[in-house]
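Encoded as structure tokens, the structure appears first; notes follow it.
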Amino acid sequence: GTAFVVQWDKVYLQGKEDMGSFTFQAALHSSGRIVFGYKEIPVPVLQISASQHPVKAGLSDAFMVLNPSPDVPESRRRTIYEYHRVELDTSRITSQSAVEFTPLPTCLQHQSCEMCVTSELTFNCSWCHVLQRYL
């Protein structure tokens with residue numbers, strides 16, 4: 001009830017199956033923490049070719065747009081637009097390692113007017129007495 005974990009077991013790089021398999025997981029905690037755990041990383045991430053697909057590790061906000069494909073009218077082409085990216089140093093991703101992201105405080109944590117107005121956050125949030133919540 002406090003975490004959602006997704007695990008990828010024995011993932012092989014296409015056409016490079018002889019390199020070995022990768023096993024890793026992502027854990028999303030109800031507190032906002034995100035933990036990436038790397039159990040088996042058979043080759044340094046820096047040695048993975050990016051010619052077929054970009055090699056990235058980290059977090060990013062993104063949205064996807066589906067556009068009609070000019071070649072096949074009944075199909076759609078996905079375009080992913082990223083912003084606010086936090087990239088990990090891929091040289092530090094090794095077997096038996098983990099990376100933890102801890103959320104920064106936000107206005108959402110304020111439950112009272114006093115907590116809001118005495119906050120040292122750099123945001124311009126303010127407390128609304130009528131709604132009894134921050135704005």
For residues [X] and [Y], determine if any side-chain heavy atom of one lies less than 4.5 Å from a side-chain heavy atom of the other.
X     : Y      : result
Lys56 : Arg85  : yes
Thr23 : Val11  : no
Tyr38 : Phe22  : no
Asn67 : Arg76  : no
Met64 : Thr79  : no
Leu13 : Met19  : yes
Arg33 : Glu100 : yes

Side chains of Ser95 and Glu40 only: does a donor on one sit below 3.5 Å from an acceptor on the other?
no
To the nearest 0.5 angstrom, please state how far the [atom1] atom of [X] sits from the [atom2] atom of [Y].
X     : Y      : atom1 : atom2 : result
Leu28 : Phe101 : CG    : CZ    : 12.0 Å
Glu82 : Leu59  : CD    : CG    : 10.5 Å
Gln25 : Trp8   : CD    : CH2   : 9.0 Å
Asp18 : Lys16  : CG    : NZ    : 7.5 Å

May I ask whether [X] and [Y] are part of the same hydrophobic cluster, defined by side-chain heavy atoms of I, L, V, M, F, W, Y residues being less than 4.5 angstrom apart, directly or through others?
X     : Y     : answer
Val86 : Val45 : yes
Leu88 : Leu46 : no
Ile34 : Val6  : yes
Val99 : Val5  : no

Give a yes or no on whether the backbone of Ser51 and the side-chain of Ser49 come within a donor-acceptor separation of less than 3.5 Å.
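Between the backbone of Ser51 and the side chain of Ser49 there is a qualifying donor-acceptor contact (under 3.5 Å).
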On a heavy-atom basis, which atom in [X] and which in [Y] lie closest, and how many Å separate them?
X     : Y      : result
Asp89 : Ser91  : OD1-OG, 2.7 Å
Phe36 : Gly58  : CZ-O, 3.8 Å
His29 : Ala3   : ND1-CB, 3.7 Å
Ser31 : Pro103 : O-CG, 3.7 Å
Ile93 : Ile41  : O-CG2, 4.1 Å

Would you call the rings of Phe63 and Tyr83 parallel, tilted or perpendicular, where under 30° means parallel and over 60° means perpendicular?
tilted
Tell me if the CD atom of Glu17 is crowded by more than 12 foreign heavy atoms within 6.0 Å.
yes
Check this for me: Gln52, atom CD, are more than 12 non-hydrogen atoms of other residues, nucleotides or ligands nearer than 6.0 Å?
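Atom CD in Gln52 is not crowded, with 12 or fewer foreign heavy atoms closer than 6.0 Å.
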